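What follows is a set of notes on a single structure, which appears directly below.
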Protein chains: 2
Amino acid sequence: MASLGAAEATHLRLQALARYAGARSGDSRVVDNRVNQVVLVVEGAVKLIASVSGGRTHVMGFYFKDDFIYLPARETHAYNLCALKDCELIAFPATEFIRLAQNDRALNNNFISHLLRTLGRSREKTIALGQKTARERVATFLVSMAERIGSPFSNGALLDLPMSRRDIGENIGLTIETVSRQMTELRNAGLVSTSGRSQVKILDLAALKQEAGHFPVLT
Amino acid sequence: MASLGAAEATHLRLQALARYAGARSGDSRVVDNRVNQVVLVVEGAVKLIASVSGGRTHVMGFYFKDDFIYLPARETHAYNLCALKDCELIAFPATEFIRLAQNDRALNNNFISHLLRTLGRSREKTIALGQKTARERVATFLVSMAERIGSPFSNGALLDLPMSRRDIGENIGLTIETVSRQMTELRNAGLVSTSGRSQVKILDLAALKQEAGHFPVLT
DNA sequence: CGGTCACTTGAGGTAGTTCAAGGGGCGTGG
DNA sequence: CCACGCCCCTTGAACTACCTCAAGTGACCG
């Protein structure tokens, strides 16, 4: 909760509001979505999924330690959080959270800049899905993950991806097969190497960014 | 500026901050994008475009009277507002705007709920671009426009679209030809009729929503 | 060590793009 | 008011990126 940057006084009130939620890897509907929620990831990794008509589902994004999620109440279609690993989360009902934030400049500012960042990422992603080829999307995804959960490594990064190929595909609007093929091509091109299902080593981050079409953060 | 819902006291300060901008139809770079801006559309219609690598450009959205736009400063790629008709706009530097809003509960709340709505729409659009077919996208676009600038008409709506087919295509991630073909198919299916370049009559809104895949507002 | 399930690879199909050629609005000038 | 011309839009035909369907392969778990 420290990462919310609230003052001491607000802190206590936030605690009164908070719903702690633990989750095991694979759990879905981790947080109550009957009202808008602000969710903080204390530990672990989650995906935000949207269930859409026709049984389709779209992965809106992936979130990791210290990330901050705005989870809208179910409406025309349902948003839900699913755990990708064992997780610790804290959820606040959005309305009360916002009201509280108004009494605390730092928290209010934090919340607003979080929203702006989220909006920025969402717009980037819109562009990606509207304009990019499969190759560019996969490259963009990897670059983004490198920036968010990668450990630096020579002139690249080391990644341990907690999500499946299916999750990746549903996130960037491709089928699982296409994701797989693009990964293979990137491997053949010498840009990445993989071991096991989840370990990815980015060998040349600059070149990968080139492949990504110079776009910034996705997800 | 009334639509900002600020109290009297804040009003004066907002006026001090405001940059009024008139624009003629077709004008681009209507608002200074060297700093983040909050822009209010007083009159007219604008598009928010993102210029991306490879000379590609994506139309992030269309905005009309009383709409509220968050225009990020140019960064990895440049966002710009272009006038689709003659316009009157008011721009506020975002940082100062947010600071001011903190002293005015109503304004702060309005701003936050605007951001949440924008984020919601952006997410909807992400889903649309990630999952929908050309037919669904065009239908979704028309439904959205009907809700935003349509005048009711029997069991449909009357539309006067200020944007070109190219703009539409760049907004929903299709080529101009595909947009055109889908429009003719919708016409042949008896869901819409058109006259001239910009007049669209939606004959059966319910059926069009069906075509759209039950999705809510796009753009 | 053996089974399951995720991932990979291949072959064929299709939605949408690309390239190219006509119509037809709509503004302009007579 | 009508004629002219530009440019947007429409339509057609060929192509291609991605999807779909199907069959391996190998990672991870018991």
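For clarity, every value in this text was computed on a predicted model and none was experimentally measured. All chains are named by letter (A, B, ...) in the order of the sequence lines, taking the proteins before the strands, and each is independently numbered beginning at 1.
Side-chain atoms of A:Gln182 stay outside donor-acceptor range of the base of D:dC18, with no qualifying N/O pair under 3.5 Å. Contact annotation: side chain of A:Arg197 to base of D:dT25, donor-acceptor pair absent below 3.5 Å. Put simply, the side chain of A:Arg181 and the base of D:dT20 share a donor and an acceptor less than 3.5 Å apart. No N or O donor and acceptor, one from the side chain of B:Arg137 and one from the base of C:dG16, sit under 3.5 Å apart.
Contact check, A:Thr184 against C:dT9: a side-chain N or O comes under 4.0 Å of OP1 or OP2. Between B:Thr175 and C:dT18, a side-chain N or O to OP1/OP2 separation shorter than 4.0 Å is absent. Residue A:Thr178 places at least one side-chain N or O closer than 4.0 Å to OP1 or OP2 of D:dC19.
As rounded to whole Å, 14 Å separates atom C1' of D:dG12 from atom CD of B:Glu185. B:Leu174 places its CG atom 10 Å from the C1' atom of C:dT17, with the value rounded to the nearest Å. As a whole-Å value, the separation of A:Glu177 CD from C:dT8 C1' is 10 Å. Residue A:Glu136 contributes atom CD, which lies 9 Å from atom P of D:dC18 at whole-angstrom precision. The interatomic distance linking A:Gln199 (CD) with D:dA27 (C1') rounds to 13 Å, in whole Å. Remark: C1' of C:dG25 and CE of B:Met183 are 15 Å apart, rounded to the nearest angstrom. Atom CD1 in A:Ile168 sits about 9 Å away from atom P in C:dT8, given to the nearest Å. A straight line from NZ of B:Lys132 to C1' of D:dC18 spans 20 Å, rounded to a whole angstrom.
None of A:Phe97, A:Tyr70, A:Phe92 except one satisfies the ring-ring contact (aromatic ring centres under 6.0 Å, His included) rule with A:Phe111; the exception is A:Phe97.
Ion pair A:Arg56/B:Glu136 flagged as a salt bridge, since at least one NZ, NE, NH1 or NH2 atom sits closer than 4.0 Å to an Asp/Glu carboxylate oxygen. The existence of a salt bridge linking A:Asp67 and A:Arg148 is confirmed by a sub-4.0 Å separation between a basic side-chain nitrogen and an acidic carboxylate oxygen.
The side chain of A:Arg165 lies closest to C:dT8, out of D:dC9, C:dG16, C:dT8. In this structure, the nucleotide among C:dT8, C:dC7, D:dT10 sitting nearest to the side chain of A:Ser164 is C:dC7.
Within 4.0 Å (heavy atoms only), B:Arg187 reaches sugar-phosphate atoms of the nucleic acid but no base atom. A:Gly169 comes within contact range of no nucleotide atom at all, as no heavy-atom separation falls under 4.0 Å.
Counting non-hydrogen atoms of other residues, nucleotides and ligands closer than 6.0 Å to CD of A:Glu185 gives a total above 12.
Annotation: side chain of A:Tyr79 is not in contact with side chain of A:Gln37 (no heavy-atom distance under 4.5 Å).
Where B:Met163 and A:Gly196 meet DNA chain D, the nucleotide closest to each residue was compared, and B:Met163 sits on the side nearer the 5' end.
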